[in-house]
**Student:** 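Sharing a structure here in structure tokens format.
Quick note on labels: first sequence line is chain A, next is B, and so on, each numbered from 1.
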There are 2 protein chains.
Amino acid sequence: MLGIGKLSAATGVKVPTIRYYEQIGLLQAPARSVGNQRVYDGRALDRLRFIRHARELGFPLEAIRELLSLSDQPGMPCAAADIIAKRQLVSVQGRIARLRLLQDELERMVSQCAHGTVSDCKVIEVLGDHGLCLHGDHGA
Amino acid sequence: MLGIGKLSAATGVKVPTIRYYEQIGLLQAPARSVGNQRVYDGRALDRLRFIRHARELGFPLEAIRELLSLSDQPGMPCAAADIIAKRQLVSVQGRIARLRLLQDELERMVSQCAHGTVSDCKVIEVLGDHGLCLHGDHGA
DNA sequence: CTTGAACCTCTAGTTGCTAGAGATCCTACA
DNA sequence: TGTAGGATCTCTAGCAACTAGAGGTTCAAG
């Protein structure tokens, strides 16, 4: 009973994003008004809220697709959902760990900057010479 | 004096990525051999190492572009480099903070999972009902 | 009945690469 | 000297997850 604009306002998901979710099959195509405009019901609202919350938690769309299809089958064991959530937890923990290393090195870089000229700037120097930095290999 | 393959091996940057950096103007187009293959000198090596290290620290390519042009002007004050590095530090700190919130909620979700059926799965339930979660708004 | 906001579809752009096709080059070995 | 193979070349298209814009229609308020 709500148009795409109201749905957007009610969920915090932008209008083009809602259309995008429909396009990739994450959200069912809704009914249309006489003038061909999308008309959503309460179920669509729930589903989009679900998607939005999962996105906030960093789940990739493919994982959300699985979670949604799980939530449509209430009788199934929830082990699959558990696995997906754990996978996401591990990924988040890994990202935190890597970012902490970056944080350390950036802090070191910034704190060593003597605010002189580029020629003796530690920021530039550290970037130019990997040997000056504390660790070996870490992704961004 | 080195081909693109050697340069790649020496820096850890993949061959197509090197060509990509050249294409977007981050890396100067090198000399070519008689047979039209790229030939790099030591300066290119330094520059690519610089880029790689900055990428590892999560600097976006546009920031790296600025940092590179700064490092080409050794007499300039290094305040600009300092600002860029601080900006990056703030961004990393923000990402860590957000990820920690996610981590908390994911842990809560996973630990509450009773390993029963989907219908009483906390993972699915929390995702479906934003009110069950601890916080308001946070990006992914 | 008109105006203007909201909606429609479609394409293309974002970031930082990665993968493939199909052609050419370079080097080492017989 | 010939040739087999790996390395290189260009070009296009794809990934995630949207975002922005063009150009056109519909709807609701005054």
**Student:** Can you see if the side chain of Arg38(B) gets near the phosphate of dT8(D) - specifically, an N or O under 4.0 Å from OP1 or OP2?
**Tutor:** no
**Student:** Between Gln23(A) (CD) and dC18(D) (C1'), how many Å, whole number?
**Tutor:**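 Rounded to whole Å, this separation is 11 Å.
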**Student:** Of the listed nucleotides (dC7(C), dT18(C), dC9(D)), which one gets closest to any side-chain atom of Pro16(B)?
**Tutor:** dT18(C)
**Student:** For the pair made of CZ in Arg65(A) and C1' in dA16(D), what is the distance, rounded to whole Å?
**Tutor:** 12 Å
**Student:** Any side-chain to backbone donor/acceptor pair from Gln88(B) onto Gly58(B)? Under 3.5 Å, distance only.
**Tutor:** yes
**Student:** Atom CZ in Phe59(B), atom CG in Leu67(B): separation rounded to 0.5 Å?
**Tutor:**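 One gets 6.0 Å once the value is rounded to the nearest 0.5 Å.
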**Student:** From CZ of Arg52(B) over to P of dC17(C), roughly how many Å is that when rounded to an integer?
**Tutor:**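 To the nearest whole Å, that distance equals 11 Å.
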**Student:** Give the rounded distance in Å between these two atoms: CZ of Arg19(B) and C1' of dG20(C).
**Tutor:**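 Nearest whole value for this atom pair: 12 Å.
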**Student:** Can you find a pair of side-chain heavy atoms, one from Val39(B) and one from Pro30(B), that are under 4.5 Å apart?
**Tutor:**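 Heavy-atom side-chain distance check fails, nothing below 4.5 Å.
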**Student:** Take Pro60(B) and Gln37(B), find for each the nucleotide of DNA chain C with the closest heavy atom, and name the residue whose nucleotide sits nearer the 5' end.
**Tutor:**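 The residue closer to the strand's 5' end, by nearest nucleotide, is Pro60(B).
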**Student:** Salt bridge or not for Asp104(B) and Arg100(B), using N-O below 4.0 Å?
**Tutor:** no
**Student:** Please report the distance, rounded to the nearest Å, between CG in Leu26(B) and P in dG16(C).
**Tutor:**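 So the two atoms are 10 Å apart, to the nearest Å.
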**Student:** Counting only side-chain nitrogens and oxygens, does Ser33(A) get under 4.0 Å of the OP1 or OP2 atom of dT26(D)?
**Tutor:**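 So the side chain of Ser33(A) is outside the cut-off, no N or O lying under 4.0 Å from OP1 or OP2 of dT26(D).
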**Student:** Quick one: which of dC17(C), dC18(D), dC7(C) gets closest to the side chain of Tyr20(A)?
**Tutor:**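 It is dC18(D).
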**Student:** Using a cut-off of less than 4.0 Å, is there contact between a side-chain N or O of Thr17(B) and OP1 or OP2 of dG16(C)?
**Tutor:**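 False: Thr17(B) side-chain N/O out of range (4.0 Å or more) of dG16(C) OP1/OP2.
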**Student:** For Arg55(A) and dC18(D), is the shortest distance between a side-chain N/O and OP1 or OP2 below 4.0 Å?
**Tutor:** yes
**Student:** Rounded off to whole Å, could you give me the CD1-to-C1' distance for the Ile18(B) and dT10(D) pair?
**Tutor:**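 Atom CD1 in Ile18(B) sits about 16 Å away from atom C1' in dT10(D).
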**Student:** Given that Glu62(B) and Val34(B) both sit by DNA chain C, which one's nearest nucleotide is further toward the 5' end?
**Tutor:** Glu62(B)
**Student:** Hey, which sits more toward the 5' end of DNA chain D by its nearest nucleotide, Lys14(A) or Asn36(A)?
**Tutor:**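 This one resolves to Lys14(A).
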**Student:** Give a yes/no on whether any side-chain N or O of Tyr21(A) is located under 4.0 angstrom from OP1 or OP2 of dA17(D).
**Tutor:**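 No, Tyr21(A) has no side-chain N/O under 4.0 Å of OP1/OP2 on dA17(D).
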**Student:** Report the C-alpha distance between Ile18(A) and Arg38(A) in whole Å, list the side-chain angles of each, state the deciding distance to 0.1 Å, and finish with yes or no for side chain to side chain contact (heavy atoms under 4.5 Å, CB included).
**Tutor:** CA-CA 11 Å; Ile18(A) 296 173; Arg38(A) 288 169 179 85; 5.8 Å; no
**Student:** What is the distance from CD1 of Ile24(B) to C1' of dT14(C), rounded to the nearest Å?
**Tutor:**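 After rounding, the reported distance stands at 13 Å.
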**Student:** Separation of Glu22(A) atom CD from dC10(C) atom P, in whole Å?
**Tutor:**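 The distance from CD of Glu22(A) to P of dC10(C) comes to 12 Å, rounded to the nearest Å.
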